[in-house]
Chemist: 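Could you have a look at this structure, given as structure tokens, before my questions?
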Amino acid sequence: DAWLDTFMIGRFMFGPEVRDEEIVSLKTDAKKGGSFSYVVRRQDTEIDHIGEYTEVERPLRLVFTWAIKQDLPDNSRVVIDIIPTPTGTELTLTHEMPSEWEHFIEGSKTSWMKMLTALDKIL
């Protein structure tokens, strides 16, 4: 549910707790076929992260498209699988990108790890 709640998203995905940025707005329609828009301001530039939920299978799986509005029609796909374990849960995040985005792979890994670490601390 943390991935679908704008209050939580503002604590582990975006905002000053995660990186040097200001949250402008966080909107989500948290259902299959629903969309989201996460607008942040970084160094006087507004960036709108948008996507659509293609699978919402609480509490085990979430799949959504991921794009920067300014870069449309380019987008990628994020798959989150959550497996219960005896001591908690194991989360696997897969970010599938078009081959022309290869130069974003390392930066994306770093960003997702920062977000997942923040989520772990919160939970």
Side-chain angles (χ1 to χ4, degrees):
D1 285 344
W3 292 86
L4 302 172
D5 177 87
T6 55
F7 175 75
M8 290 295 290
I9 290 165
R11 294 183 64 204
F12 82 92
M13 287 185 78
F14 298 104
E17 292 183 48
V18 182
R19 63 182 63 82
D20 185 21
E21 67 187 4
E22 173 190 355
I23 295 173
V24 176
S25 70
L26 301 174
K27 298 175 186 171
T28 186
D29 182 14
K31 65 183 181 198
K32 182 177 180 178
S35 62
F36 61 83
S37 169
Y38 309 140
V39 181
V40 295
R41 185 174 296 113
R42 296 180 189 152
Q43 301 172 352
D44 298 324
T45 301
E46 284 193 7
I47 303 166
D48 190 359
H49 304 81
I50 61 170
E52 180 180 316
Y53 298 107
T54 58
E55 292 181 50
V56 179
E57 298 174 20
R58 284 184 168 113
L60 303 176
R61 185 172 172 87
L62 180 65
V63 181
F64 52 90
T65 61
W66 182 262
I68 304 296
K69 189 172 186 176
Q70 298 89 311
D71 295 341
L72 287 176
D74 286 347
N75 68 54
S76 57
R77 181 174 178 252
V78 177
V79 179
I80 299 167
D81 288 305
I82 301 171
I83 300 168
T85 67
T87 58
T89 59
E90 179 180 306
L91 184 145
T92 302
L93 185 148
T94 306
H95 191 164
E96 302 166 351
M97 297 181 193
S99 59
E100 62 267 20
W101 289 17
E102 186 175 341
H103 59 285
F104 285 113
I105 291 174
E106 288 308 312
S108 292
K109 284 181 185 178
T110 300
S111 291
W112 285 120
M113 285 305 299
K114 183 182 275 189
M115 289 182 252
L116 291 172
T117 298
L119 179 59
D120 185 52
K121 287 179 184 177
I122 293 167
L123 298 177

Chemist: Starting at OG of Ser35, measure out to CZ of Phe64 and round the result to the nearest 0.5 Å.
Modeler: 13.0 Å
Chemist: Just so I know, are the side chains of Ser76 and His95 near enough to count as touching, which here means a heavy-atom distance under 4.5 Å?
Modeler: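 Side-chain contact under 4.5 Å: yes.
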Chemist: Can you tell me which residue pairs pass the side-chain hydrogen bond (donor to acceptor under 3.5 Å, both in side chains) test with a partner in residues 78-89, sequence neighbours excluded?
Modeler: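 Listed by first then second residue: Arg61-Asp81.
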Chemist: Does Met13 share a hydrophobic cluster with Met97, counting links as ILVMFWY side-chain heavy atoms below 4.5 Å and allowing steps through other members?
Modeler: no
Chemist: To the nearest 0.5 Å, how far apart are CD in Gln70 and CD1 in Ile50?
Modeler: 8.5 Å
Chemist: Strictly by salt bridge (charged side-chain N to carboxylate O under 4.0 Å, His left out), give each pair with a member in residues 7-16 just once, sequence neighbours left out.
Modeler: none
Chemist: Going by the salt bridge (charged side-chain N to carboxylate O under 4.0 Å, His left out) test, which pairs reach into residues 112-123, not counting sequence neighbours?
Modeler: none
Chemist: Do Val24 and Val18 share a hydrophobic cluster (ILVMFWY, side-chain heavy atoms under 4.5 Å, transitive)?
Modeler: no
Chemist: Assess the pair Trp3 and Trp66: is the distance between their ring centroids shorter than 6.0 Å?
Modeler: no
Chemist: Would you please name every residue forming a salt bridge (charged side-chain N to carboxylate O under 4.0 Å, His left out) with Glu57, sequence neighbours left out?
Modeler: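 Not a single residue meets the salt bridge (charged side-chain N to carboxylate O under 4.0 Å, His left out) criterion with Glu57.
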Chemist: If you define the side chain from C-beta out and look only at heavy atoms, does anything of Arg19 sit under 4.5 Å from Ser111?
Modeler: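 Arg19 reaches Ser111 side chain to side chain.
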Chemist: Can Arg58 and Asp1 be counted as an ion pair, charged N to O under 4.0 angstrom?
Modeler: yes
Chemist: What pairs with Tyr53 under ring pair (Phe, Tyr, Trp, His ring centres under 6.0 Å), at least two apart in sequence or on another chain?
Modeler: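 With neighbours one apart ignored, the set is Phe36.
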Chemist: Which distance, rounded to the nearest 0.5 Å, do you find between the CD1 of Ile83 and the CG of Leu60?
Modeler: 8.5 Å
Chemist: Between CG of Leu4 and CD1 of Ile9, what distance do you get to the nearest 0.5 Å?
Modeler: 6.5 Å
Chemist: Is any side-chain heavy atom of Leu91 closer than 4.5 Å to one of Leu93?
Modeler: yes
Chemist: Working to the nearest 0.5 Å, report the span between CD1 of Ile80 and CH2 of Trp112.
Modeler: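 Between atom CD1 of Ile80 and atom CH2 of Trp112 there are 6.0 Å.
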Chemist: Under 4.0 Å between a side-chain nitrogen and a carboxylate oxygen: does that hold for Asp71 and Lys69?
Modeler: no
Chemist: If only atom types and distance count, is the side chain of Glu55 paired as donor or acceptor with the main-chain N or O of Leu62 below 3.5 Å?
Modeler: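 The answer is no, because no donor-acceptor pair under 3.5 Å joins these two groups.
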Chemist: Is there a side-chain contact between Ile105 and Glu102 (heavy atoms, below 4.5 Å)?
Modeler: yes
Chemist: Check for a donor-acceptor pair, side chain of Arg77 on one end and backbone N or O of Thr54 on the other, with a separation under 3.5 Å.
Modeler: no
Chemist: Testing the 3.5 Å rule here: is there a donor-acceptor pair between the side chains of Ser37 and His49?
Modeler: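 No, His49 and Ser37 have no side-chain donor paired with an acceptor closer than 3.5 Å.
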Chemist: With a 4.5 Å limit on heavy-atom distance, are the side chains of Glu96 and Val79 in contact?
Modeler: yes
Chemist: Does Glu52 have any side-chain hydrogen bond (donor to acceptor under 3.5 Å, both in side chains) partners at least two apart in sequence or in another chain, and if so, which?
Modeler: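 If we apply the side-chain hydrogen bond (donor to acceptor under 3.5 Å, both in side chains) test to Glu52, skipping adjacent residues, there are no hits.
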Chemist: Quick check: closest heavy atoms across Leu119 and Ala2, and the distance to 0.1 Å?
Modeler: CD1-CB, 3.8 Å
Chemist: Taking a hydrophobic cluster as the set of Ile, Leu, Val, Met, Phe, Trp and Tyr residues connected by side-chain heavy atoms closer than 4.5 Å, whether directly or through intermediates, do Ile47 and Met115 fall within one such cluster?
Modeler: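 Per the 4.5 Å side-chain linkage, Ile47 and Met115 are co-clustered.
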Chemist: Any side-chain heavy atom of Asp74 within less than 4.5 Å of one from Trp101?
Modeler: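 Yes, side chains in contact.
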Chemist: Checking Thr110 side chain against Glu106 main chain: does a donor-acceptor pair fall under 3.5 Å?
Modeler: yes
Chemist: Hey, does Phe14 have a side-chain heavy atom less than 4.5 Å from the side chain of Arg42?
Modeler: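 Yes, at least one pair of side-chain atoms sits under 4.5 Å.
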Chemist: In terms of hydrophobic clusters joined by side-chain contacts under 4.5 Å, are Ile68 and Leu26 together?
Modeler: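 Same cluster.
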Chemist: Is any side-chain heavy atom of Thr6 less than 4.5 Å from a side-chain heavy atom of Lys27?
Modeler: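 The answer is no; the side chains never approach within 4.5 Å.
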Chemist: If you round to the nearest 0.5 Å, how far is CG of Leu123 from CZ of Phe12?
Modeler: 8.0 Å
